[in-house]
Student: 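One structure, as structure tokens, below. Some questions next.
For the single chain, residues carry numbers from 1 onward in sequence order. Whatever order the structure lists them in is the order used to number ligands and atoms, beginning at 1. Remember, it's a predicted structure, so these values are computed and weren't measured experimentally.
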Amino acid sequence: MIIVMKADILPESAEVAEVIRMAQRYPDVSAVARKIEGTTRVLTEVYLLGSTSTLPQEPFEEFPSVEKVIRIRERYRAIGRHEGQAEAVGFEYKGLHFSQETFHLFPGLCAVDTPANTEAMFRALRQVGIQTTRAGAYKPRTSPYDFQGHGKACLRYVFELAGKHGIKVISMEITHESHVEEIHEALEQAGQPTGVMLQIGTRNAQNFELLKAVGQQNEFPVLFKRGMGITLDESLNACEYLATSGNHRIIFCLRGMKTNLGDPHRNFVDFGHVPVVQRLTRLPVGVDPSHAVGKRTSSPDGILDIQHVAAQGIIAGANMVLVDFHPKPEEALCDGPQALLLSELEFFVRDAQLVRQAYLERRKLKARLTG
Ligand code: PEP
Ligand code: MN
């Protein structure tokens, strides 16, 4: 059961303590309060856990400080919408808001290779007004003979360069829980010039111990990438591991499914699931057109498949786009063939904004014509 407190009542307030005391009167019920920072207000939710199926709602609804009581369904207890009753308020990180109403582009390096390429990337982002990027330091590769990422060695310069160019958040994959500490330390040493969103890659989508470890820390939000060979339900349950371990600041990212039915693309594009995940969960939803398409092919209209596919995600309401760019794709140590060029960045950003605008217009039209 979730008790939603009225606006601006904080977890440490007397009102919340009263609700928790009431919950503790029932056997085998525990309560934990969580603060949610939305764009316009701060919200506190009290989660009642344990034997709650027979718990009455009324004693909680009677508190003047309680806005509503939500009886949660079995599925997606922590991340679920519970048939629209739970709001998708999102979260704040480094001064940016991430929710089902916001839109952010994360163009950047699949893998960090040299300081010069990293700086060229960040400089280009600044020129188009983008403050969010991707940069891989720990790369999960299919073959042990392939470049595995520079790891800890590149973190310091990546963070310093990010700070220099006004990058506020870097999406960075981790493949082991020890990487969280390495990132924390490097940020400390660099003087916290930027923020990091920990990326859980598709290959680790069901690495439950990693999910629990990342869920137990609250310093960094998490970008969870859908498992490429498992059902949507299995991927959403993986996010439950993150949330029930304590970290609710999660973005769910679609990235295509592994099957040769998607040929000639690297993966079969699944961006039709953007509104589905928004309906089932409270999480902002991202799309990664680069790992979905995997190549720089274009159609007779001259637009790259990667751009078309990104647009498909955005027109369906995606809240973020993670996309590979590289200043010199021919020299990239990972995924060069799918990297867009810096000369294509302005078109990518403007096209994405145009399509986002079209999505917002679709919503208005729908409301105007059918209510
Ligand atoms: C990535 O984004 O660098 C990546 C490896 O993606 P995925 O986990 O979706 O394959
Ligand atoms: Mn890649």
Student: How about K152: does its NZ atom have over 12 heavy atoms from other parts shown lying under 6.0 Å from it?
Tutor: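 Count not over threshold, so no.
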Student: State the atoms of ligand 1, each with its element, that fall below the 4.0 Å cut-off from a heavy-atom position in G201.
Tutor: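 Every atom of ligand 1 under 4.0 Å from some heavy atom of G201: 8 (O).
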Student: Taking the ring of H176 and the ring of Y138, is the distance between their centroids below 6.0 Å?
Tutor: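 They do not qualify: ring centres at least 6.0 Å apart.
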Student: I'd like to know whether ligand 1 has R226 as a neighbour, heavy-atom separation below 4.0 Å.
Tutor: no
Student: What is the distance from atom CE of M5 to atom CG of L10, rounded to the nearest 0.5 Å?
Tutor: 10.5 Å
Student: Atom 8 (O) of ligand 1: which protein heavy atom is closest, and how many Å away?
Tutor: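 Scanning the protein heavy atoms, the shortest distance from atom 8 (O) of ligand 1 goes to T202 N, 2.8 Å.
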Student: Using heavy-atom distances only, which candidate in E173, K225, R134 approaches atom 7 (P) of ligand 1 most closely?
Tutor: K225
Student: Should you measure from each heavy atom of R255, which atoms of ligand 1 turn up under 4.0 Å away?
Tutor: 7 (P), 9 (O), 10 (O)
Student: Could you measure the distance from the CG atom of L223 to the CD1 atom of I200? Nearest 0.5 Å is fine.
Tutor: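 It is 9.0 Å, given to the nearest 0.5 Å.
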Student: What do the steps show when you test F91 against H248 for ring pair (Phe, Tyr, Trp, His ring centres under 6.0 Å), and what is the final call?
Tutor: CA-CA 9 Å; F91 60 89; H248 292 253; over 10 Å; no
Student: Identify, by atom number and element, the atoms of ligand 1 in contact range of R203, meaning under 4.0 Å from any of its heavy atoms.
Tutor: 10 (O)
Student: Have a look around the Mn ion (ligand 2) and list protein N/O/S atoms under 2.8 Å, or say none.
Tutor: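 Under 2.8 Å from the Mn ion (ligand 2) - ignoring waters, which are not counted - the protein N, O or S atoms are C110 SG, H291 NE2, D335 OD2.
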Student: Just wondering, more than 12 heavy atoms not from K328 lying within 6.0 Å of its NZ?
Tutor: no
Student: Is it the case that atom CZ in F60 sees more than 12 heavy atoms from other parts of the structure closer than 6.0 Å?
Tutor: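 Yes, enclosed.
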Student: Considering only protein heavy atoms, which is closest to atom 4 (C) of ligand 1, and at what distance to one decimal place?
Tutor: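 For this ligand atom, the closest protein heavy atom is H291 NE2, 3.5 Å.
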Student: What pairs meet the side chain to side chain donor-acceptor pair (under 3.5 Å) rule with one or both residues in residues 16-29, with sequence neighbours excluded?
Tutor: none
Student: Would you say that more than 12 heavy atoms from the other residues, nucleotides or ligands in this model lie under 6.0 Å from the NZ of K68, or not?
Tutor: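 Correct, the count exceeds 12.
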